[in-house]
Structure formats: structure tokens, C-alpha cells
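Read the structure below first, then the notes.
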Amino acid sequence: MTSTMATPVVQTRSRAYGIGVTVVVGVHMVLWGIVMLGGWLYWDDFILQGQAARLGLTSDLLLNNHDGHVMPATYLVVWLIQEAAGLNYALVAGTMLLGEIALIVAAVVAFTALLGRRVETVVALAVFLLAPIMMPALTWWAAALTIVPLATCALFATVAHVRYLQNGSRAALVTTFALVAVALSFFEKSLLIPGWLFLVTVLVDPSPGVWAAARAVVIRRWRLWVGWGVFVLIYLAAFAQVAEGRTRLPTGPGQVIDLVLSAIFKTIAPAVIGGPLRWTAVDFSASFADPPAFMIGIGALVLLAVVYAGVREPGPARKAWAVAGVYLLADLATFAVGRLGEGSDPGVVQAGRYVATSMIPISIAIGATIAGQRARLTRPAWRWPLVAGVSAIGLAMLISTLSYAAIWSKNPAETWVGNARSDLAAADPGVPLLDQDVPDFLLLPVTHPYNQASWFLAPLRERPGFASSTSTLQLLDNRGFLVEAQVDGAAALPAPGGCHLVEAGSAVTIPLEHALIPWIHTVGLDYRAAGPGLVSVAIGSGEPVTTEVLAGENSVYVRAEGGESSITVGAVDTTVCISAAEVGKVIPRDLNYGGSVDLTDQLQGLD
């Protein structure tokens with residue numbers, strides 16, 4: 001196909017190749033821009049920026065084990081962005097644009113190095129860059145921060161590795177190792193790259209068969225593979241120090257089979273013909289490929305036909321499909337040991353980003369197959385069927401990409417964060433806020449503690465601080481506005497004489513009207529103090545929280561963890577009379593809630 005794989009049957013004019021690459025890249029950038037500019041920050045974007053703001057540029061941040069991932073370079077980029085301007089999508093988009101440009105350059109150079117300056121390269125680039133399932137990996141910041149460096153470094157490493165194989169360049173060899181090291185600093189899944197380079201060596205080896213080529217490259221270049229083996233072992237030893245105990249294994253063969261079937265028939269096969277056509281939203285703005293049955297069937301038939309055309313005769317295409325199959329299995333294996341297990345759904349792979357890098361060898365294999373069949377495909381009888389097929393694929397690709405963009409653009413986070421940013425900047429910095437859960441459409445409780453406002457909003461500089469107590473209770477509602485709030489829950493039983501008296505140096509247990517589940521609650525106290533001082537507040541047998549009180553009649557609100565049916569108030573250095581107390585959750589003061597309607601419905605009605 002080229003000096004690295006085979007000699008092409010029919011040469012492509014350099015101008016036609018250049019025009020083809022330009023068109024593919026141009027269409028990709030337009031569609032990518034539509035999806036990226038229509039979206040905003042989502043899920044892990046908030047978690048990563050919150051961690052960067054709270055932890056700072058420390059080893060705790062850089063070596064943080066985020067959902068099983070170790071990615072110091074990713075955290076460095078996140079820290080730089082949040083230091084420049086927290087929760088700023090313009091800067092985030094800028095980093096994604098730089099990554100996208102690097103990925104495109106790497107793809108063009110690597111595909112050309114393997115396939116040559118020819119129409120097959122243009123087709124392979126089109127499959128890789130225009131497949132709709134690539135969009136989730138390229139337009140969600142948290143995913144792009146890991147997958148784009150992996151793919152970019154893998155592609156550039158391919159070029160350097162081929163150069164080393166051709167002329168033994170030591171500089172090319174050092175460059176290859178350096179690129180893999182850089183990729184690993186962004187994403188531990190980059191450990192697939194050394195294996196990919198071995199597969200590339202098999203692919204370009206002149207031996208006619210896959211097994212013959214594999215044996216030849218092992219024997220001929222054993223020192224190289226020993227070097228890569230040592231490199232991998234060193235990395236794994238370091239990785240184990242941080243990620244120990246994070247591996248999850250499938251529950252059985254059934255999960256693995258479901259994973260493979262979902263990846264091939266519901267994700268990759270439809271993507272080859274422009275699918276999936278339909279996406280199903282899984283939460284606010286995210287979605288997964290949900291191709292209709294006819295798309296699965298047609299995609300599977302087309303993919304099977306292309307694979308058969310490539311493997312039925314010995315040659316580069318057969319080796320390319322063997323390489324693609326091995327890489328896909330390795331790619332899915334990394335998913336299986338990290339994402340499967342009890343309560344996990346193999347269908348998550350249909351989100352697309354989990355098989356994004358597998359589209360590299362698949363695209364190359366498709367290009368190699370077309371190269372082998374080009375003499376047949378250039379016959380006049382194939383002209384109009386090919387035109388119709390390419391047109392149908394192009395139309396499906398546009399529908400699929402724009403359908404994904406429509407769901408991705410429905411992100412309520414931008415409005416909520418914008419309102420919160422404005423109200424917090426205008427708030428009195430001397431009045432601290434109590435921590436609270438942000439709305440579920442931003443982060444679900446499963447992400448605790450990162451769904452707490454103190455983490456979520458940490459990148460914002462112009463805001464009041466968060467504390468365990470405050471004299472003025474405020475709440476960020478479901479619209480992001482900072483509003484006056486009140487405690488709704490279990491009230492204290494009235495005391496004889498209307499006052500629970502707590503002498504300095506003593507403590508008093510105050511019964512509540514009903515028990516509370518063990519949780520983080522807010523305690524609201526109306527009190528009269530003889531003078532300024534400190535009091536401690538505990539819910540049931542929970543840990544006490546100390547807060548300041550002022551002389552005279554005032555209120556204080558304390559966030560504490562506990563349960564049962566009482567609170568204990570201890571006076572440290574002043575006498576306090578508790579006239580009223582309530583323990584529960586914080587709700588907006590102007591919320592029409594008297595206990596006769598569902599509070600959740602009322603809160604959702606604030607959007």
C-alpha cells in the first residue's frame with residue numbers, strides 16, 4: 001500500500017488527496033464546533049475543577065485517584081484552567097480546540113505514513129473523524145482531556161515507530177518512548193500504546209501472514225520488546241501505589257459477552273455507516289447510542305462484508321483486520337476490568353468514548369480493504385452504487401451528529417452556574433454560607449462530597465466562604481439564585497417557661513418532636529445570650545460543632561451530622577437561653593410548603 005505496507009494498485013493524484021483530506025477535516029471541524037459550542041461543562045468537569053481549586057497544585061491533586069484513573073497531566077491542565085478563571089467554558093473550549101488540532105494533524109500524518117497519499121487514506125480519515133460515536137470523546141472536556149492525548153500520542157508514536165523500523169533512528173525510538181510517557185501522564189489507558197506499536201510492527205512487516213509476521217517481529221526485534229516490557233512494568237509498579245484496590249472484575253461470561261456485542265453491533269457497526277441515528281438521553285445532556293434495529297442490521301452486514309473482503313485473501317488488509325480485532329479486544333478488556341462488576345451495565349460502552357481509540361485500527365483496516373479492492377471498485381458498474389452508498393452514509397452521519405448535538409446542548413448547568421456566580425459575587429463576604437447539595441441535574445449524591453457547594457463552587461473566587469455555622473441562613477435554589485432560607489424538619493419540644501436554659505460550662509439535651517435519620521442536618525437555634533461566647537451543638541450522639549453566639553436575642557444555624565430525637569447544646573463561656581430550635585433540611589423561605597405537598601415537586605418547580 002505504501003513503502004510500509006504495500007504498493008498501491010492505482011495511484012491517487014496528490015491534488016485529489018489534498019482536496020479529500022481538506023474536505024474531511026473541514027466537515028469534521030464544522031460538526032465538532034457545532035457540538036462543542038452547543039455544550040457546556042458537565043459532571044466530571046465540575047468534580048475535576050473543584051478538586052483543583054480545593055487541593056491546589058499538590059501531590060494530593062496530581063496523584064489523586066479519580067474513579068480509578070491516575071492522570072497527573074490532566075490535573076495539571078485542569079489546575080491551570082481553574083487558576084486562570086474557574087468554571088469558564090471559553091477557556092475549556094480553547095483547550096479542547098488545541099487538542100482537536102493536534103489530534104487531526106496526528107491522524108493525517110499517521111494514516112498517510114501507513115496508507116500513503118491516496119484515496120484510501122481519505123476514506124480511513126473520514127471513518128475516524130466523521131464517525132458520530134467519536135463526538136462524546138471529543139466534545140466533553142473531562143473525556144477529551146484523557147482520550148485526545150491518548151489518541152494523539154498513539155498516532156504520533158506510530159509515525160515515529162515506523163520511522164525507527166525503516167532506518168533504525170535512535171531519535172525516533174526516544175521520541176516514541178517519550179510520547180507514550182506523555183500519554184500515560186494523561187491517562188493510564190495509554191498503556192495500550194506499546195501493544196499497539198507491536199501490532200503496527202506486525203502490520204508493516206513484509207511477511208505475508210499474521211502469525212509469520214508476529215513471529216518475525218518478535219525474533220528480529222526482541223530487544224525492543226524487552227525494553228517496552230521493562231517500561232510497562234515500571235509504570236505498573238508506580239500505578240499500583242496510587243490505584244491499588246480499584247480494579248473491578250466482570251460478574252461472569254455473560255457480562256463480557258454483552259459488552260462485546262454492545263460494542264460491535266450497537267456502537268461500532270452502526271458508526272461505520274454513519275449511525276447510530278438515534279441517541280437516548282441518560283441524564284441531563286448526556287446520551288448513549290441507541291440505534292434502531294434496521295441500523296444495527298445494516299451496519300453489521302456492511303461491516304461483515306468489509307471484513308470478509310479484507311481477510312479472504314492474504315495481504316495487508318487481512319493483517320490490518322487482525323490488528324484491529326486484537327486492539328478492540330484489548331480496549332474492551334480495559335473497560336471490563338474497570339467498569340464491569342456487580343450493578344454495572346455493559347451497555348455503557350454505547351456512550352462511544354470507551355471505544356474511541358479502537359476506531360483508529362478499524363479505520364486503517366477499512367482503508368487497507370478498499371485499497372485491496374480498488375481495481376474492482378473503480379469499474380463503471382460500481383460507480384452509482386458507491387455514490388448512493390456514500391451519500392446515504394453521509395446523510396446518516398449528519399443526522400446522527402446533529403441529533404447528539406441537540407441532546408448535548410440541553411445542559412442546565414450554564415444557567416445555574418451563571419446565576420450563582422452573579423449572586424455570590426454580590427453577596428456579603430462577611431456572612432458565611434452553610435454547605436449544601438447542588439441540584440441533582442448538576443451532580444448526583446453518588447458523587448459526594450463533590451456534589452457539595454463548597455467543592456462545586458470552589459473555583460469561583462468572588463463569593464462568601466463556607467462554614468459549619470452562620471448567623472444568616474441562605475440557600476442556592478434550583479435556579480442558582482442565592483435566597484433567604486429556613487430549616488424544615490423536627491422542632492424542639494417547648495420548654496417550661498419557654499426557655500431551655502444552658503448555663504456557662506454546662507450542657508442541656510433538648511428533645512425533638514420526632515426522630516431523625518442519621519445524616520447531615522441543619523440545626524436552627526433562636527437564642528438569647530448573656531454575652532458573646534461559644535456554644536456547641538450536637539444532634540443525638542453525633543459529634544458536636546462549636547459556633548459563636550452574640551449577646552442578646554439572635555439566631556444561629558449549624559450544620560452537623562447525627563440522628564435520633566434530641567439535640568444537645570453546651571455553653572462554653574456564656575449563659576444561653578434557647579427559645580426555639582428546629583433540625584432538618586434547608587429550604588427557601590418563600591417556598592410555599594406547609595407539609596401538605598411534596599417538597600421535591602416544589603423544588604423542581606423552581607427551574
Side-chain angles (χ1 to χ4, degrees), residues 431-440 442-457 464-478 482-495 500 502 507-527 534-549 554-572 576 578-591 593-595 597-604 606:
V431 179
L433 303 173
L434 293 187
D435 217 345
Q436 65 173 88
D437 291 357
V438 297
D440 287 355
L442 299 175
L443 286 176
L444 290 172
V446 70
T447 63
H448 185 86
Y450 306 117
N451 71 323
Q452 299 295 286
S454 59
W455 282 91
F456 189 93
L457 298 171
F466 287 90
S468 59
S469 63
T470 185
S471 58
T472 302
L473 190 59
Q474 301 174 92
L475 171 74
L476 287 164
D477 66 16
N478 273 24
L482 187 64
V483 299
E484 294 182 352
Q486 61 186 0
V487 178
D488 179 74
L493 297 178
H500 295 279
V502 187
V508 171
T509 297
I510 304 174
L512 302 176
E513 59 184 355
H514 60 76
L516 300 166
I517 62 171
W519 197 249
I520 300 175
H521 302 282
T522 297
V523 181
L525 298 177
D526 293 336
Y527 67 88
L534 299 175
V535 299
S536 65
V537 180
I539 304 174
S541 57
E543 289 293 320
V545 175
T546 301
T547 182
E548 294 182 353
V549 292
N554 294 283
S555 297
V556 68
Y557 303 91
V558 179
R559 186 174 165 88
E561 185 172 1
E564 306 171 36
S565 57
S566 67
I567 60 173
T568 300
V569 179
V572 178
V576 179
I578 307 298
S579 56
E582 189 156 359
V583 186
K585 71 181 302 177
V586 178
I587 62 173
R589 184 175 294 277
D590 61 356
L591 184 66
Y593 175 59
V597 294
D598 186 86
L599 177 59
T600 303
D601 291 340
Q602 291 288 321
L603 289 172
Q604 290 176 342
L606 291 173

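Throughout, residue positions are numbered sequentially from 1 according to the sequence presented. Basis for what follows: all heavy atoms, side chains included, without hydrogens, waters or symmetry-related copies.
Considering CG of Leu473 and CZ of Arg559, their distance stands at 11.0 Å, rounded to 0.5 Å. Interatomic distance, Ile520 CD1 to Leu434 CG, rounded to the nearest 0.5 Å: 11.5 Å. Distance CG/Leu475 to CZ/Arg589: 11.5 Å, rounded to 0.5 Å. Here CG of Asp437 is found 12.0 Å from CG of Leu476. Values are rounded to the nearest 0.5 Å. Taking CG of Leu457 as the start and CD of Gln436 as the end, the distance is 8.0 Å to the nearest 0.5 Å. Between Glu582 atom CD and Thr522 atom OG1 the span is 11.0 Å, to the nearest 0.5 Å.
Distance alone, capped at 3.5 Å, places no donor-acceptor pair between the Asp488 side chain and the Lys585 backbone.
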Chi angles and distances behind the side-chain contact (heavy atoms from CB on, under 4.5 Å) call for Val487, Val583: CA-CA 7 Å; Val487 178; Val583 186; 5.6 Å; no

Residues Val569, His500; criterion side-chain contact (heavy atoms from CB on, under 4.5 Å); working and verdict: CA-CA 9 Å; Val569 179; His500 295 279; over 6 Å; no

side-chain contact (heavy atoms from CB on, under 4.5 Å) between Val483 and Gln474, intermediate numbers included: CA-CA 6 Å; Val483 299; Gln474 301 174 92; over 6 Å; no

Derivation and outcome, side-chain contact (heavy atoms from CB on, under 4.5 Å), residues Asn451 and Leu444: CA-CA 7 Å; Asn451 71 323; Leu444 290 172; over 6 Å; no

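Ser541 pairs by the side-chain contact (heavy atoms from CB on, under 4.5 Å) definition with Glu564, not counting sequence neighbours. For the side-chain contact (heavy atoms from CB on, under 4.5 Å) test, residues two or more places apart in sequence or in another chain that qualify with Ala581 are Ala492, Leu525, Ile567, Ile578. For Phe456, the ring pair (Phe, Tyr, Trp, His ring centres under 6.0 Å) criterion is met by Phe46, Trp416, not counting sequence neighbours. Checked against side-chain contact (heavy atoms from CB on, under 4.5 Å), Ser579 has the following partners two or more places apart in sequence or in another chain: Asp526. Considering only residues two or more places apart in sequence or on other chains, Tyr450 meets the ring pair (Phe, Tyr, Trp, His ring centres under 6.0 Å) condition with Trp455. By the side-chain contact (heavy atoms from CB on, under 4.5 Å) test, Pro544 is found to be paired with Ser536, Ala538, residues two or more places apart in sequence or in another chain being considered. The side chain to side chain donor-acceptor pair (under 3.5 Å) test applied to Ser566 returns no partner, not counting sequence neighbours.
In terms of heavy-atom proximity, Ser469 sits nearest to Val558 at CB-CG2, 4.0 Å. What you find for Val586 and Ala485 is that their closest heavy atoms are CG1-CB, 3.4 Å. For the residue pair Val545 and Ser468, the shortest heavy atom distance occurs at CG1-OG, 3.5 Å. Across Ala560 and Ile539, no two heavy atoms sit closer than the pair O-CD1, 3.6 Å. Looking at every heavy atom in both residues, Thr470 comes nearest to Pro432 through OG1-O, 2.8 Å.
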What donor-acceptor contacts under 3.5 angstrom involve side-chain atoms of residues 507-514, with partners at least two apart or in another chain?
from	atom 1	to	atom 2	distance (Å)
Thr509	OG1	Thr568	OG1	3.3
Glu513	OE2	Ala491	N	3.0

